[in-house]
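For the numbers below, each heavy atom of this structure counts, side chains included, while hydrogens, waters and symmetry mates do not. Predicted model only: the values in this text are computed from it and were never measured.
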Amino acid sequence: MSLGHHKGELLGQPEGVIEPRNELSEVKNTLEKLKNSERRLLQDKEGLSNQLRVQSEVNRELKKLLVASVGDDLQYHFECVAREKNQLILENEALGQNTAQLSEQLERMSIQCDVRRSKFLTSRVMADELTNSRAVL
């Protein structure tokens, strides 16, 4: 054998041939690196899983608060509308009573107007009769 003068030979060994001890060492190194990488990935996964759990809980709490807030807003709005409705009912009743009083007052004034018209017509007839009786005398 020659001492590596030809391409493909390395100190009496063809290219691509690695000593078994070196190969085993490289495989062990690669395996150790892969195990370390797997541990880191598992730790990352666990951390991300915990973060997801915490974020989900926060989201649930935020939903509850939002629903409660919207519910409170709706309850407040409903109470305001109910108070306003009651106020309008009271105002409507007061206006109805006022309208009834005004209608009654109008009716009385209409009667008074009729009475005064009748009195006026009566006094006019009497005045005409007096004028006619004076003319006759």
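- No side-chain heavy atom of Arg134 sits under 4.5 Å from any side-chain heavy atom of Thr131.
- Atom CD of Glu32 is separated from atom CG of Asn29 by 8.0 Å, given to the nearest 0.5 angstrom.
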**Study point:** Verdict with reasoning, Cys113 to Arg117, per side chain to side chain contact (heavy atoms under 4.5 Å, CB included)
**Key:** CA-CA 6 Å; Cys113 184; Arg117 188 182 358 235; 4.0 Å; yes
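- Checked by atom type and distance alone, the side chain of Ser25 never pairs as donor or acceptor with a backbone atom of Arg21 at under 3.5 Å.
- With rounding to the nearest 0.5 Å, the separation of CG in Leu62 from CD in Gln55 is 8.0 Å.
- Remark: side-chain polar atoms of Ser69 are not paired, donor with acceptor, to backbone N or O of Leu65 under 3.5 angstrom.
- The distance from the CG atom of Asn50 to the CD atom of Glu46 is 5.0 Å, given to the nearest 0.5 Å.
- Take Arg60 and apply the salt bridge (Lys or Arg N to Asp or Glu O under 4.0 Å) test, not counting sequence neighbours, and it matches Glu57.
- Checked by atom type and distance alone, the side chain of Thr30 pairs as donor or acceptor with a backbone atom of Glu26 at under 3.5 Å.
- Looking at Lys64 and Glu61, a side-chain N of the basic residue comes within less than 4.0 Å of a carboxylate O on the acidic one, giving a salt bridge.
- Judged by distance alone, the side chain of Ser56 and the main-chain N or O of Leu52 form a donor-acceptor pair under 3.5 Å.
- Separation of atoms CE (Met109) and CZ (Arg116) is listed at 9.5 Å; rounding is to 0.5 Å.
- A donor and an acceptor atom, one from each side chain of Gln75 and Glu79, are located under 3.5 Å apart.
- The distance from atom CZ of Arg40 to atom NZ of Lys35, rounded to the nearest 0.5 Å, is 14.5 Å.
- The list of salt bridge (Lys or Arg N to Asp or Glu O under 4.0 Å) pairs with a residue in residues 88-107, not counting sequence neighbours, reads Glu104-Arg108.
- Here Lys45 contributes atom NZ and Ser49 contributes atom OG; the two are 7.0 Å apart, rounded to the nearest 0.5 Å.
- Both Leu66 and Leu74 are part of a single hydrophobic cluster, where members link through side-chain heavy atoms under 4.5 Å apart.
- Atom CZ of Arg124 has 12 or fewer neighbouring heavy atoms from other residues, nucleotides or ligands inside a 6.0 Å radius.
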